[in-house]
Amino acid sequence: MNNNIEELSLSLFMGDNNLILSHRLSEWTGHAPVLEEELALANVALDLLGQARMWLEYAAEISEDYKTADDLAYKREIWEFRNVALVEQPNGHFGDTIVRQFYYDNWHKLILEHLYQSENERIAGIAEKSLKEVRYHLERSAQWTVLLGDGTEESHNKLQTSVNHFWPYALELCNTNTANSGFDDDLASLSRQTWIDSLSNIIAEATLQLPETEFSYSGGREGIHTEHLSLILAEMQCLPRAYPGTQW
Amino acid sequence: MLAPSVSWHTVVGMMQHDDIWKILEGIPDPEIPVVSIAELGMIRGIDFDDTGTEAISITLSPTYSGCPATDTIISDIKNTLFDKGFKNTTVKIQLSPAWTTDWISASAISKLRAYGIAPPLPRGESQPECPQCNSTNTQLVSQFGSTPCKSLHCCMSCLEPFDYFKCH
């Protein structure tokens with residue numbers, strides 16, 4: 001039995017969410033609507049990849065099964081991943097990607113502000129480092145949410161559809177009381193309501209409405225994923241699986 | 001500078017903390033080679049092991065967590081010190097306190113400007129000066145630029161695009 005089960009569970013959850021979302025965002029490279037947005041999407045992806053590495057390096061140190069961050073990224077099977085379904089969802093159109101990011105950035109900032117207070121210096125340090133980058137991510141996704149939501153009739157309608165579509169997936173971010181999640185009560189104090197409150201000003205400014213449904217997707221933290229993750233991993237892991245031990 | 005063949009004891013006798021610092025000041029940032037990693041405020045500590053293992057430990061604070069230059073910087077530190085006779089260098093990554101642009105030295109600020117990158121502004125200010133014509137009539141083009149640490153702007157006076165080293 002691992003003595004650091006809570007820390008391991010937390011660092012895999014944070015690391016996997018960042019890793020998979022980073023992979024999704026990097027799929028925009030070569031396809032973004034304008035060059036500046038391509039740079040922005042790739043930069044956010046890069047920040048999240050760096051943060052994923054910090055979490056997974058910590059996870060590898062306390063894991064009994066995996067030795068390095070690369071092992072965790074490239075050698076785990078789908079059911080060993082702990083990310084939420086939100087980050088697996090396909091990019092869709094640009095507005096879809098913005099809404100998914102806006103939901104994620106709000107949650108990410110709140111959870112990092114919480115983890116920054118942790119008595120565990122390693123966790124607090126990663127949170128402190130990440131937080132500066134995530135605040136900047138949130139500025140951008142919030143600006144785009146307002147720009148598109150309060151834009152033309154077409155952009156508004158498209159964004160409202162995205163807001164509704166990603167909602168049940170985003171709610172999973174705040175499901176902290178699932179069995180075997182490894183989360184302590186302290187961490188679980190990031191309630192669904194706190195997250196929803198953090199969205200409300202920007203959503204109102206964007207003339208959008210949050211859905212009232214409370215249905216939430218669940219299972220990511222227990223390793224139950226949508227089929228999209230299998231395709232992401234197939235692409236991400238194929239090279240190290242075909243050529244074990246390959247180095248840059 | 002010392003040849004690699006100089007023995008450890010001679011080296012320790014001659015080279016103190018300040019000398020190591022000078023060596024680190026000579027290591028350029030891989031992506032903005034006009035400034036050194038020391039000037040950017042990335043070096044947070046230099047420690048000598050006095051138990052006879054001849055080891056030096058350099059504490060490094062990375063700029064952005066995903067910056068691909070970090071791995072290059074680590075090997076540059078080890079290789080450069082190796083060439084100066086220090087065969088046993090470890091680089092320790094320090095995340096907290098998190099790196100901030102407040103740690104960039106005054107010398108680097110003027111070098112960045114001369115290189116064509118608008119240096120980070122004091123806290124609270126948000127209008128970078130054009131590094132070409134010094135106009136303050138500039139516009140943000142993109143919050144992200146060619147590296148994680150920069151954003152993209154355009155001068156409305158001379159119409160030149162330029163990079164701004166973001167406040168972080």
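Bear in mind the structure is a predicted one, so any value in this text is a computation, not a measurement. Chain identifiers are assigned alphabetically (A, B, ...) following the order of the sequence lines, protein sequences preceding nucleic acid strands; residue numbering begins at 1 within each chain.
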**Study point:** Choice from A:E37, A:R135, A:M54, A:E139 maximising heavy atom contacts with chain B below 4.5 Å
**Key:** A:M54

Point to revise | Max heavy-atom pair count under 4.5 Å with chain B, selected residue of A:N43, A:L46, A:L39 | key: A:N43

Check your understanding: Under 4.0 Å between a Lys/Arg side-chain N and an Asp/Glu carboxylate O for A:K132 and B:D102?
Key -> no

Point to revise | Nearest atoms (heavy-atom pairs only) where B:T63 meets A:K129 | key: O-NZ, 2.6 Å

Check your understanding: Can you name the closest pair of heavy atoms from B:S96 and A:G125 and give their distance?
Key -> CB-CA, 4.0 Å

Quick one: pull up [atom1] in [X] and [atom2] in [Y] and give me the separation to the nearest 0.5 Å.
X      : Y      : atom1 : atom2 : answer
A:E36  : B:S151 : CD    : OG    : 12.0 Å
A:E38  : B:F144 : CD    : CZ    : 14.0 Å
B:L95  : A:I123 : CG    : CD1   : 12.5 Å
A:Y136 : B:H168 : OH    : NE2   : 10.5 Å

Interchain contact, [X] with chain B, by part (heavy-atom threshold 4.5 Å):
X      : result
A:R53  : side chain
A:E121 : neither
A:I126 : both
A:L49  : neither

Exercise for review: Answer yes or no: are there more than 12 heavy-atom neighbours, outside B:Y115 itself, under 6.0 Å from its atom OH?
Suggested key: yes

Check your understanding: If you draw a 6.0 Å radius around NZ in B:K111, do more than 12 non-hydrogen atoms from other residues or ligands fall strictly inside?
Key -> yes

Between [X] (side chain) and [Y] (backbone), is there a donor-acceptor pair under 3.5 Å?
X      : Y     : result
A:E128 : B:A98 : yes
A:D47  : B:Y64 : no
A:E133 : B:S65 : yes

